[in-house]
Amino acid sequence: MALITLALVVGCGPETPEVVVYTALDEMYSKPILDAFEAKTGIHVRALYDTEASKTTGLVARLMAERSRPRADVFWNNEIAQTILLKNADALESYQSPSAASIPESYKDRDHFWTGFAARARVIIYNTDLTDHPPLTLAAFTDPKWKGKLAIAKPLFGTTATHAAALFSTWGDERARAFLEAVRANDVAILAGNATVRDRVAAGEFAAGLTDTDDANGAIEDGKPVLWHFLDQAADEAGTLVIPNTVSLVRGAPNADAGRLLLDYLLSPEVELRLAQGRSIQIPLNPDVAKVDKTPKLDDIRTMRVDWDAVAEALPRASAFAKETFVR
Amino acid sequence: MNESRHLSRYLAILTLSAVGLVLILPVVAVYQRAILTSTGADFDAIFQFGRQAPLLARSIAVAGGAAVLALILGVWVGIAVTRAHRIVKIAIGFAAGMSLLTPPYVFAIAWIDLWGPVGWLYHWAPEETALLGVAVYSLPGAAIALAAAYYPIIAIAAYIALRRVDQRWKEAASIAGQYHSYVREIALPAIISPIAAGFIVVFLLALYDFPVHSLLQVNTYLIEIHAASEYHNYSAAVLLSIPLVIISGVFLIAARTLIRNRGIYTDAGIMNDEPNSFRLGLVGSGCLVVTLASIFPMVVVASRAMPPATFLRLFETAGQELGSSLILAFIAATLITGLGTISSLAFTNARSRAAVDVVSAIPFLISGPLLGLGMIAVYNRPGPAGMVYDSAAILLLAWAARFGFVAQWGIGAGVRGQAPSGREAARVAGVSWLRMQFAVVIAQARPYIAMVWGATFVLTFREIDTAVLVAPPGLTLASVRLFTLMHYGPDGYVMAMALTMSAVMITVGASTYCLFAQWKRITDARP
């Protein structure tokens with residue numbers, strides 16, 4: 001099998017139609033979906049996966065570097081901010097997929113350069129052996145009651161960087177800066193990534209931490225003593241940040257037609273349902289998708305209202321401040 | 001005869017220069033773009049000395065601390081192994097080898113499980129030692145974890161060096177009352193050079209191990225480069241990498257000097273003339289070091305990988321990735337070793353050899369991701385270059401660029417160490433240049449060629465930084481799969497994959513070491 005694969009990638013052009021997708025969603029979730037698309041359409045899918053070590057940045061860097069001669073047709077990102085940076089770098093092509101009709105406007109680009117689906121949300125994960133009354137809000141991270149007991153990922157990378165940028169864009173720079181300074185002053189541990197936050201809360205090193213739904217559910221399915229809840233869900237609170245997967249057509253895609261078909265498929269309720277049923281419990285954005293017991297419905301979550309373009313615009317600013325504050 | 005000799009050599013040099021150009025162009029592309037597109041204001045914004053100097057100092061402290069500790073542990077274990085019984089020797093070699101070949105990030109997770117504030121050992125330790133657990137997440141903690149991961153490199157260097165000091169010279173020197181001369185002129189040069197080279201290798205590996213620094217909460221200089229890349233400021237990333245490239249370059253040149261200065265020694269083995277109790281104590285303490293630093297963490301990794309059914313599931317679902325990686329690493333190691341062998345034969349002049357050695361290390365020094373971006377800039381274009389870029393050949397080229405210096409330096413050292421008498425005899429007998437290379441030079445360099453092949457196989461099999469940027473779509477490598485799974489994948493599956501990859505690498509490593517030892521015995525036995 002390995003020899004056949006090698007022969008395929010070394011050999012000459014394919015005889016069957018094909019589509020090339022770069023995906024930052026982990027292979028264990030994205031591959032079955034891409035296989036199903038291949039079985040359904042007969043279009044051969046050549047996928048390239050990212051690694052946790054260089055999450056999203058590896059593929060985004062490659063897409064940026066390949067702009068003069070794109071090799072990918074579709075970019076399936078597991079978050080949104082980097083996708084908008086690609087749009088701003090003129091690396092994406094506009095495409096309004098008919099499958100996206102039911103997806104809320106707030107999760108679609110107004111110019112159709114990207115479409116959101118299957119989201120993750122920011123949650124507080126807590127160790128049930130250490131606390132029955134976990135923090136409920138983002139403000140708790142600055143509360144002296146929790147001094148030294150909480151953890152977050154470095155707000156320089158991944159969804160934590162997007163979250164920090166969302167605070168800068170919605171609260172304004174001054175308030176966001178003051179908040180991050182207070183987090184630091186409250187001895188909140190700044191860890192390598194969301195998965196590390198999950199693992200160290202599960203191990204009992206911290207009472208609670210900020211992470212994503214997929215990480216939190218993974219720990220529960222592995223039988224760790226943890227539970228999670230959404231952030232800031234009270235009526236007078238801002239709600240939690242819901243970060244969608246995004247899918248885009250690459251500008252100058254060599255197989256653009258096949259790429260559009262793949263986009264249509266990825267945005268279908270069938271795919272969102274499948275991702276909701278998996279270990280990563282991705283939250284469907286399409287209201288037509290049937291309810292999955294373990295996965296919350298978007299309607300049941302109080303979500304933070306953000307302008308994604310403004311978030312992407314704030315990202316470098318937020319990152320620079322986070323670097324000065326937390327990397328010393 | 002003389003003309004044909006020169007012609008063959010010039011052809012070899014010409015071919016290698018062309019290959020070298022192909023491999024070095026990506027580096028030129030990356031720096032040319034970064035420097036030409038940056039203005040003076042950019043330089044001011046990129047280099048913030050007040051912030052970056054402490055980070056750089058911390059990087060050096062972590063790497064230096066890890067290298068010093070690895071030196072102590074490695075030499076200790078290396079000496080102990082020379083005195084150990086064959087069975088103990090194999091057991092220590094296997095345990096230390098497995099821990100060395102496990103991805104350091106996975107090793108560090110096991111290390112935290114063991115020594116961290118809620119680790120296995122913490123439960124058995126007195127309460128007053130709880131602070132030690134917290135200390136895992138600190139600069140010394142990171143240095144200790146990295147030393148535990150990399151000390152086998154120095155242990156191997158020390159073992160090989162000690163095995164090859166001729167003890168009969170020591171005896172003769174003692175009888176003649178010249179023991180100090182023996183130590184100064186023979187023993188120390190023979191032992192210190194490979195150990196110091198191992199020290200430098202550990203320093204460099206620890207310097208660039210960002211995932212481990214990050215996991216153990218130590219902010220190092222690498223974060224500056226990663227943050228710049230995260231926001232696609234590649235010019236800044238390239239410029240920020242310059243201080244590390246300079247530091248690494250200086251250390252690599254030092255390592256080259258040490259490899260070259262191998263001293264005078266032969267293969268007469270160790271004379272175990274110490275008292276039995278001393279030998280037992282030495283071997284016992286070596287075993288203790290290996291148990292604490294290697295066996296315990298590997299037990300944690302193995303226990304996380306259980307039950308055995310996890311391995312079956314791994315072969316069902318990741319067999320293709322493992323197979324592709326094996327085949328590509330095999331081809332890449334053969335290609336790199338071949339190029340290194342030809343290069344060692346072609347560049348015989350000391351000055352040209354030194355120049356080739358330095359140039360061959362540059363693609364390694366600029367780091368994998370930046371090399372990957374350079375490969376894209378050079379090869380992703382219409383025509384033959386694009387055909388290479390669209391195929392697995394781009395991976396072979398990238399790895400040849402990145403690890404070519406291992407072959408260049410390793411085989412070069414083997415060729416340089418040969419006595420000239422064999423070649424002189426061949427010349428006098430009128431043997432052609434090509435035949436002389438095969439019959440005399442390559443025959444004597446076989447042990448080094450085997451070791452270099454094994455080392456480049458291991459390096460390419462586990463390589464990830466460049467592969468993620470240039471691997472053709474549709475081809476997933478085992479190393480990429482492992483790091484992809486680390487985020488969401490079930491813990492046991494990830495650990496099983498890490499163990500399986502380590503087992504593949506140790507099998508190849510041990511086989512090539514056996515070849516090295518066997519061929520070395522044959523070549524050293526020749527008059």
Side-chain angles (χ1 to χ4, degrees), chain A residues 1-3 5-6 8-11 20-22 26-29 46-55 57-62 64-66 68-69 71-72 85 89 154 156-157 161 189-193 195-196 199 203-205 214-215 218 222 279-280 315-316 319 323-324 326-328, chain B residues 51 54-55 105 109 112-113 116-118 211 214-215 217 219 223-224 226-227 229-232 234 319-328 369 372-373 376-377 380-382 386 389-393 464-465 468-476 480-481 483-491:
Chain A
M1 187 57 101
L3 273 174
T5 310
L6 273 180
L8 278 174
V9 294
V10 172
V20 176
V21 55
Y22 288 4
D26 291 67
E27 188 178 353
M28 64 184 293
Y29 303 116
R46 287 173 64 198
L48 196 66
Y49 303 97
D50 214 340
T51 66
E52 168 61 5
S54 57
K55 205 68 199 161
T57 313
L59 289 183
V60 174
R62 185 163 176 167
M64 290 273 202
E66 287 181 344
S68 60
R69 181 178 174 261
R71 309 319 297 145
L85 293 180
K154 251 186 207 99
L156 279 173
F157 308 108
I190 309 297
L191 307 183
T196 314
D199 291 343
E205 289 181 42
D214 53 348
D215 292 305
D222 286 342
R279 181 181 157 96
S280 62
L315 200 57
S319 158
K323 203 163 71 168
E324 279 169 24
F326 297 110
V327 182
R328 293 179 175 184
Chain B
R51 256 179 47 71
L55 289 173
Y105 183 79
I109 290 173
I112 292 170
D113 269 6
V118 290
S214 194
L215 186 69
Q217 287 176 245
N219 289 323
I223 202 164
E224 294 289 301
H226 285 262
S229 302
E230 177 82 3
Y231 300 101
H232 315 299
Y234 302 115
Q320 188 172 322
E321 286 86 346
L322 284 165
S324 301
S325 288
L326 268 172
I327 294 166
L328 278 171
L373 291 174
I376 296 173
N380 185 33
R381 57 186 67 222
Y389 183 72
D390 293 340
S391 73
I464 187 162
D465 291 340
V468 79
L469 280 166
V470 301
L475 175 70
T476 306
V480 174
R481 183 79 197 270
F483 277 85
T484 302
L485 282 167
M486 272 179 192
H487 192 207
Y488 300 114
D491 195 43

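The sequence lines fix the lettering, A, B, ..., with proteins before strands; numbering per chain opens at 1.
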Original post:
Is the shortest heavy-atom distance from the side chain of B:I223 to the side chain of A:F157 under 4.5 Å?
Top reply: yes
**OP:** Considering only NZ, NE, NH1 and NH2 on the basic side and carboxylate oxygens on the acidic side, decide whether B:R51 and A:E324 come within less than 4.0 Å.
**Re:** no
Subject >> Contact origin within A:V327 toward chain B - heavy atom pairs under 4.5 Å >> reply: both
**OP:** Find the distance between CG (B:L475) and CG (A:L48) and round it off to the nearest 0.5 Å.
**Re:** 9.0 Å
**OP:** Could you please spell out the steps behind the side-chain contact (heavy atoms from CB on, under 4.5 Å) verdict for B:N219 and A:K154?
**Re:** CA-CA 11 Å; B:N219 289 323; A:K154 251 186 207 99; 3.3 Å; yes
Original post:
Measuring heavy-atom distances to chain A, does B:L55 have an atom under 4.5 Å in its side chain, in its backbone, in both, or in neither?
Top reply: side chain
Original post:
Closest heavy-atom contact between B:Q217 and A:I190?
Top reply: CG-O, 3.9 Å
Original post:
Between A:K323 and B:A227, what is the shortest heavy-atom contact and its length?
Top reply: CD-CB, 4.0 Å
**OP:** Can you tell which part of B:A377 gets under 4.5 Å to a heavy atom of chain A, answering side chain, backbone, both or neither?
**Re:** neither
Original post:
Is it the backbone or the side chain of B:I112 that comes under 4.5 Å from a heavy atom of chain A, or both, or neither?
Top reply: side chain
**OP:** Can you see which heavy atom on A:R69 is nearest to which on B:Y389, and at what distance?
**Re:** NH1-CD2, 4.1 Å
Subject >> Closest non-hydrogen atom pair, B:P473 against A:R62 >> reply: CD-NH2, 4.3 Å
Original post:
For chain B, which of A:A47, A:A72, A:A65 has the most heavy-atom pairs under 4.5 Å?
Top reply: A:A47
**OP:** Locate the shortest heavy-atom distance separating B:V468 from A:Y49; write the atom from each residue and the value.
**Re:** CG2-O, 4.1 Å
Original post:
Do B:P472 and A:R46 have side-chain heavy atoms sitting under 4.5 Å apart?
Top reply: yes
Original post:
Is it the backbone or the side chain of A:F326 that comes under 4.5 Å from a heavy atom of chain B, or both, or neither?
Top reply: backbone
Original post:
Of the backbone (N, CA, C, O) and the side chain (C-beta and beyond), which part of A:L85 lies under 4.5 Å from a heavy atom of chain B, both, or neither?
Top reply: side chain
Original post:
A:E27 versus B:E321: any side-chain heavy-atom pair under 4.5 Å?
Top reply: yes
